[in-house]
Amino acid sequence: MCIKVHLVTIIENVTLLVFYTETHCWQFRLISAGGEVFGERKLYYTPEAAEKAGREWIEQGY
């Protein structure tokens with residue numbers, strides 16, 4: 001399986017990771033300051049869409 005990382009950034013002490021896999025298209029994960037990982041298996045067809053969804057999760061307090 002090939003994984004391509006598009007974005008790693010920190011927003012309000014939360015790491016936002018946007019990545020691509022051949023089987024699951026674009027996705028995002030959030031990593032809290034304590035190391036907890038949040039996200040869902042929803043598929044996005046562009047990295048921008050996955051990033052937008054991840055930023056919305058952060059704004060809503062994930």
Side-chain angles (χ1 to χ4, degrees):
M1 175 188 290
C2 179
I3 298 173
K4 177 182 177 181
V5 174
H6 173 75
L7 173 75
V8 177
T9 189
I10 298 173
I11 304 167
E12 299 177 18
N13 293 323
V14 177
T15 301
L16 170 59
L17 172 66
V18 175
F19 61 96
Y20 177 86
T21 67
E22 293 173 354
T23 56
H24 296 104
C25 295
W26 292 99
Q27 294 186 29
F28 74 88
R29 293 294 183 272
L30 305 178
I31 306 169
S32 72
E36 297 174 285
V37 178
F38 300 91
E40 57 187 356
R41 292 232 177 224
K42 187 172 180 182
L43 306 180
Y44 299 93
Y45 293 101
T46 66
E48 294 82 10
E51 179 181 351
K52 181 179 182 224
R55 289 180 181 272
E56 288 172 357
W57 269 50
I58 292 170
E59 288 174 9
Q60 296 172 4
Y62 57 100

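What's counted below: heavy atoms across the whole structure, side chains too, no hydrogens, waters or symmetry copies.
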*Asks:* Sort and list the pairs that fulfil salt bridge (charged side-chain N to carboxylate O under 4.0 Å, His left out) and have at least one residue in residues 25-50, not counting sequence neighbours.
*Replies:* none
*Asks:* Can you give me the closest heavy-atom contact between L30 and G54, atom names plus distance?
*Replies:*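 Closest approach of L30 to G54, heavy atoms only: CD2-O, 4.0 Å.
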*Asks:* Pairs of donor and acceptor atoms involving the side chains of residues 9-16, under 3.5 Å and at least two apart or interchain, shall be tabulated with distances.
*Replies:*
none

*Asks:* Classify the ring geometry of W26 against Y20: parallel below 30°, tilted from 30° to 60°, perpendicular beyond 60°.
*Replies:*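 The arrangement is tilted - the two ring planes meet at 30° to 60°.
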*Asks:* Cluster question for you: counting only ILVMFWY and a side-chain heavy-atom cut-off of under 4.5 Å, with indirect links fine, are I3 and L43 together?
*Replies:* no
*Asks:* Are I58 and L17 connected in the hydrophobic side-chain network, where two residues link if heavy atoms are under 4.5 Å apart?
*Replies:*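 As far as the 4.5 Å side-chain criterion goes, L17 and I58 are not connected within one cluster.
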*Asks:* Any carboxylate oxygen within less than 4.0 angstrom of a Lys/Arg side-chain nitrogen, looking at R55 and E59?
*Replies:*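 Result for this pair is no, no salt bridge flagged.
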*Asks:* Once ring-ring contact (aromatic ring centres under 6.0 Å, His included) is applied, what residue pairs with a partner in residues 37-62 remain, sequence neighbours excluded?
*Replies:*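 Of all non-adjacent pairs touching residues 37-62, those that pass ring-ring contact (aromatic ring centres under 6.0 Å, His included) are F28-W57, F38-Y62.
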